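Because the structure is a prediction, the values reported are computed rather than measured.
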Amino acid sequence: MKRQVKKKWPEQEDKVRRLISNLPYEDLRRKYQPNRQYANNSIKTTKYTVWSFIPMNLFEQFHRFANVYFVVIAMLNFVPIVNAFEPGVALIPICVILILTAIKDAWEDFRRYQADKQLNNMPCSIYSRKEKDFVSKCWKDVRVGDFVKVVCNEVIPADILLLHSSDPNGVCHIETANLDGETNLKQRQIVRGFDGSFQPEYFSSIIYCEKPSNNLNRFKGYLDKPDKKKIGFGKENLLLRGCTVRNTDEAAGIVVYAGHETKAMLNNKGPRYKRSKLERKVNTDVLFCVALLFIMCLIGALGYFIWLETFPDIPPFVPPDSNNNYISPALSGFYMFFTMVILLQVLIPISLYVSIELIKVGQIFFITNDIDLYDEETDSRIQCRALNITEDLGQIKYIFSDKTGTLTENKMVFRRCSVMGIEYCHRENGDCLLTALRLGAQCETISDDEDIVFQKPKVPSRLQYRQKKGISSLRRSQSARTHMGARYQSEVFTITNEVAFSSPLETDVAPDRRLLRVTCDEKTQIQEWCRVSHCNGSASFMDFFLALAICNTVVVSTAMLPRQRVSDQHNLFCQVTNDTFSHYDNNVVTLFLRDSGSNNPSRRNSSASHHSEEERGTVSDPNGLCYEAESPDEAALVYAAKAYGFTLLARAPDRVTVRLPQGAVLSFEVLDTLAFDSTRKRMSVVVRHPITREVVIYTKGADSAIMELLDCHGRSAEENKRKKIASKTQRHLDLYASAGLRTLCIAKKVLSEQAYDDWASIRQEAESTIDNREELLMETAVHLETNLTLLGATGIEDRLQDDVPATIAALREAGIQVWVLTGDKNETAVNIAYSCRLFNQGDMVFTLNTDSREQCESILDCTLGEVRRYTAPSQSWSFQSIVGAVMPTESTGPTFGLVIEGRTLSMVFEAHLQMKLLELARHCRSVLCCRVTPLQKSAVVKLVRNKLKVMTLSIGDGANDVNMIQTADIGIGISGQEGMQAVMASDFAITHFKHLKKLLLVHGHWCYSRLAKMVIYFFYKNVMYVNLLFWYQFYCGFSGTAMIDYWLMIFFNLFFTSTPPIMFGIMDRDISAETLLGLPELYKTGQNSEFYKRATFWIVMLDAFYQSLVCFFIPYWTYQGSDIDIFTFGTPMNTVSLFTILLHLAIEIKSWTAIHWGFMVGSVLLYFIVALIFSAICINCNPPSNPYWIMENQMADPVFYLVCIITTVVALLPRYIIRVLQGTLALSPLVQARKLDRLSTEARDQQIKNWKSQRSPSEVPTNLVSPVDSFSNSFEQSFYNSSLEREMPDMQWDSNEETQNTFSKGHRRSISTMTV
Amino acid sequence: HPRDVRTCETNKHRTGSSGEGTTNRPDNTAFDQQRLPAWQPVLSAGIVIPGFLLVGLAFIGIGVALFVTSRSIQVLEVSAPKGFPPLAVPPTRGGPVFLYYGLSNYFQNVRGYGCLAMTTSSGGTCPRCSPSSSCAPYQYDQNTTIAPCGSVANSMFNDTFTLYQLVNATRKTVPLDGKGIAWWTDYNIKFRNPPEVDGSLAAAFNGTVKPVNWPKPVYDLDPTNPANNGFLNQDFLVWMRTAALPDFWKLYRRITEGEYASGLPAGNYTLEIQYNYPVANFAGRKSVIFSNTSWMGGKNQFLGIAYLVTGSLCVVMSAVMLIVYAKFNSPDEDF
């Protein structure tokens, strides 16, 4: 039968999954089920079962080199000829380590098991033929081919092809937050042809779809109906496992992927495993230890051989083997080698690996618990996704940052627009109060005929600034435009005063008075629409706003839905804005006057609550409207349209409803939606106008994408007008871009019925293909989007996140080079770079913008020459110094910035000019790469990482940053507006860019210094202890005797000295967080690996040798020539080495909390208690010279204490003296910083200021910004800068203009230099 | 705190679906935020000068005490050839005098030698039970159990010493006390004799043989004192406590009786040595040591000197630190 079934499906191809309904086969046994070869829905993410746990876990653990070493040693113990002490005892350490790890693994696996069990037993409804209805079953019972029903707010159990929805439009809304973190609702549609009542029994089609893949955005297939009709479907028809159904009462469909084959499960990978730089270093040092062990064992073996040779006859104390035979000295020497390996095995710090893991767990605990890295708005802490690279955070030299969403908030605010070639500056939007006073006075100076004239900046008086500072909305004043560079100050934007009043309610767009008036004038009757639609210019305004409202994928949800949240404050405000225009006109002034009197707390509350809503991309409305946009730009545009009265009321797949300002409600039939993609850089919506019945295409997209497609034909007059509008709009766009706004062009096209029908049939065809459908769909889209009529352009502001300039300044002080890699255009990127202090006003900024190889090379050479001219001539550059990578920040000459465009960048890579670029970049404070693709981003990171051999960090928030995040040593994802792909790929996920400062400067420094010191200490500890045993070999004929009882020896490493270093590695705080933040320079110690250098390792080895010599020979000389027995001799040594090892750590501990004291004192007490108890009960162990009562005897002997005291003092004296001298001379900044820590807070702040002014007098004004009051200071600072700039001669304006021209005309090289 | 209130509200919204209104906010405790009050010592010259001085002076004091004590202990070491070495003993103060035998180049600490255990220790009620395999090869002698087994026991030191004082050309035996020379715990707890059979220790050891190198069986070690036989023979116990270093002493007897109790009177003595134990095969030497003890045990010059040197070094260091302090102390440092 099985064979038959197989034959029945001969066309089971590689690429296609074929499935049919299970219903006809219900109740049949499994082997008769048609879809049985596909995974069912029960999931198992556990690694082990109860039975396989022990073998599999052991197998996994033995994959680690360290454990293998240990096992080999353990087995060596059982080789009789090696003559080991008690083989069983030697197994204890490895067993403890294995058991600890196994317990950890088992616990993790058990948690996975519980989670699986819970998931598998979740209820769901599966259709049953017997019951003729959906019956309740568990998730695990779902199979491919089953019909499953999900109701509102239920989680979807498997990947389901949507066939039925209670929604009349055949739509099902889902929330994909579980999958990708995006909280906006997404629409899914039922497969075409399944409208109306759906009955699973009659479903007889065969489904062909692609094999399971982890690509969330790709799914395609078709239904083969019994009548041979094929119906295509795609990802918009698929409900994904793990998503939640929202706003839809119920939906049903057929399961296509289940269990582990669902997209959610295929995307679910475990945590990432990276090996940190420190760990790689540790591994090489472990190899040194292996070499040392080898040498020591060799000495032991040779020594034994020679020792045996010295005797004239066989002495009574050289034992024969059990058969009473004597082995030849050479052979016994050979065996002795292995005996020595066993004796000295502790030299290889196996427990180091376990300790490092434990320490990292502790460090991650503290990082995730840091309240400064907690974001209240999203209620999220920092996530540490990679568990073992915490210390790399302390060694970063290069940061590669994305711009949008990383430096900026990615919260879009509609700022300006240009409609039909006329610019509307939306002054009200920015500065309500001032505008209210100056209403109409300035905006209206712009006339249609004049070329655009922006207002001269009205230099605000100092007084005005003081006044504004009191206003709470200043919190947001670090807008992208706050710190506008000198380049654009001479332009006509009124930047500073606008921004000072930027509204915290990003969604509340205050309409431009003039534009409002224009639209008000259009208060024509709807009947007149026909007449005015084509020729009347003012109708374009309508079209413009209609396009804003319609041309998007924003989902509108209503008030009844669970996600709805409305605050009263907001209600009040929105009611006004949504009222009729006349009403609005009357109210606007008073409203804004009240609004801006925002010293009252209620205002603050309203802004705050709004804020939390905004961050979910959700915009609520008093009418119960709630906009859920996939990108914040879209929401901003829809909201802008709404502010002008064009309210998007509802959106269904085939219908979109808009309320016009006049109150009329228009319902457009949506014929098609051409979704946005990065190649086309635009999206379009094809609608049928409800009144004119015309087919209209509204397109919005990047200016470059739209401008090329404009209609250039037609009558000459119209053509001229269009051209004029286009060129004006282009000019506006350039200015928007240079002001740091994101630009979009809006265009439309009216299509004839015939043309649309033709196109629609091609489109249909494309949709139903399964292979290269994407390409076909794109072709059809491109085909349609031609000959557009330009309606206008919008400028959307993307605000800088809080504290970005301060963070970048701090990072730079810390010796970190910050590169910004962005896909944005040059002007926008450069402006953001200035505003976030990536470039300073005094910087010389070089721009590389060429696509010719020769030019590229010559520009690089010539720029390099110029840079070298400025940098001190003594600093001759060579390749070696690049590798050494000394930061050039100390030089007093001008600082440089570099802007490079994506095109040029690819040229650099093609022409192998990377080294030249790096050399140039090395001299620059900051590098800005614009218009780069995700692949280029990662290529840049790879270049720097591999060629400069430095630690790199990438930070980004979007899917386009994933490559770069994964390439860098540390990838940081910002969980923000753009979904979770970056977070999923990252090692650490934070919520704000400013968190980077504390994460690196404080936690990075701590984690690195703690772990590095701990590792060094661990090496020391083992070498020191093992050498004691080694020295004794010279007095026991190299026979491998230990003078310490083996139990105590094992306990020594396992209990007595293990916890203090772990505690040290987790908790020691060499410098307080405040000082670390105040003096970012301290970070450089980590960058230069100063805590763990090769020299550090060898110095500590020497110290270990010295200490072990002292610890052995002082007791040796004390007890020499007496009747002392072995263990009585060994006990003081053991005790002394315990004291020495612990006090050595005590010298290294920089801050003693109660916990430190507890662990240190506890360890000593534990030693004495265990040793006393052990020697009291151990009557028969380790005969004949057993440890019975030895500790008690020793502790009754005053000499024991005298030996302990002097040995410890002599052993630690050198290290102590060196540390004292270091502390006195205070040569290293770390010691100085620690001295600062002892001061009171005020004194410390004062000292930090003094220190900074001493170190870099030129940077005093910049560095005045202390972390506490950074806000007010930075504000003052910006004022300081901008007022300076205004008084500067405009000498660089020309070069700017030139730059600008080259930008717009493009393809010409330009180097612009700017000097103060 | 308006901000905090708002957080709570927001969180109620957010976690409304999952049930409780718990927030993800980290605890603002000193421990979690790594702000625990801490003592942050910065080692610098100014602070350590008094410390160095104090430690230095204390060490010098201890060193002087140790040195003086050690000087007061008298040790007389005689290398022991065959025969009757005459000894001129200077007056000794303080008794009792201990008589040690010393072996040099004898590695009692060799692994394997020491590891070969003797079975019948404290649980040694059963001498005929098969002994531990680690006693091999001194485990069985022609399939009879050796008691005590093992190579340590087998190689037991068996020279005997007799001390005579020469008084007017006559030899006067100095009484040697063989009691209490082993550790109290060894004698009373660790080692046990098998229960006597019919009042006879020999019968208890019935079925065992003596170690190969021994002239006498274990129950007959001390013919002069029946209580000093079997596993509880004091010389046996002393030998079984293996020495840590290759040149070692072992306590042979104490001189605690009569006129000799408070130290050997000055005069001429002669030592009669019954030379049984071979040392030629390991190129060793034997010696006999007379020594009295003090609170710090036997004579040991080293510890006192070490304390004196270290103490002086600390004092010197404090002086050096004073110079460093005077030269490099930054004025803004406040102590």
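- In terms of modelled atom types and a separation under 3.5 Å, the side chain of S1039(A) and the main chain of R111(B) share a donor-acceptor contact.
- For R1069(A) (side chain) and Q34(B) (main-chain N/O), a donor-acceptor pair under 3.5 Å exists by modelled atom type.
- With D1123(A) contributing its side chain and W249(B) its backbone, the two residues share no donor-acceptor pair below 3.5 Å.
- A side-chain donor from one of Y1032(A) and N109(B) sits under 3.5 Å from a side-chain acceptor of the other.
- Distance check: L313(B) CG to I1217(A) CD1 gives 6.5 Å after rounding to the nearest 0.5 Å.
- Looking at N1193(A), only its side chain comes within 4.5 Å of chain B, counting heavy atoms on both sides.
- To the nearest 0.5 angstrom, N300(B) atom CG is 9.0 Å from Y1119(A) atom OH.
- D379(A) places a side-chain N or O within donor-acceptor distance of the main-chain N or O of N24(B), the cut-off being under 3.5 Å.
- Between N369(A) atom CG and D32(B) atom CG the span is 4.5 Å, to the nearest 0.5 Å.
- For the pair F302(B)/Y1116(A), no side-chain contact is recorded, criterion being any heavy-atom separation below 4.5 Å from C-beta on.
- Atom CD1 of I1071(A) is separated from atom CD of Q40(B) by 9.5 Å, given to the nearest 0.5 angstrom.
- Formation of a donor-acceptor pair under 3.5 Å by the R1219(A) side chain with backbone atoms of L43(B) is not found in this model.
- Between F317(A) and F107(B), the angle of the ring planes lies from 30° to 60°, which puts this pair in the tilted group.
- Between F282(B) and T310(A) the shortest side-chain heavy-atom distance does not fall below 4.5 Å.
- Aromatic rings from F366(A) and F31(B) are positioned such that their centres are separated by under 6.0 Å.
- Heavy-atom pairs under 4.5 Å with chain A peak, among A306(B), G297(B), P26(B), at P26(B).
- Proximity to chain B is limited to the side chain of L1213(A), based on heavy atoms less than 4.5 angstrom apart.
- Residue S1122(A) touches chain B through its backbone alone, counting heavy-atom pairs closer than 4.5 Å.
- The backbone N or O of I371(A) sits less than 3.5 Å from a side-chain atom of Q33(B), completing a donor-acceptor pair.
- For I1206(A), the parts sitting under 4.5 Å from any heavy atom of chain B are the backbone and the side chain alike.
- Using a 4.5 Å cut-off on side-chain heavy atoms (C-beta onward), T1153(A) and W39(B) make no contact.
- Looking at P312(A), both its backbone and its side chain come within 4.5 Å of chain B, counting heavy atoms on both sides.
- Between the side chain of Y307(B) and the backbone N or O of L1202(A), at least one donor-acceptor pair lies under 3.5 Å.
- In this structure, the side chain of T1224(A) engages the main chain of A45(B) through a donor-acceptor pair within 3.5 Å.
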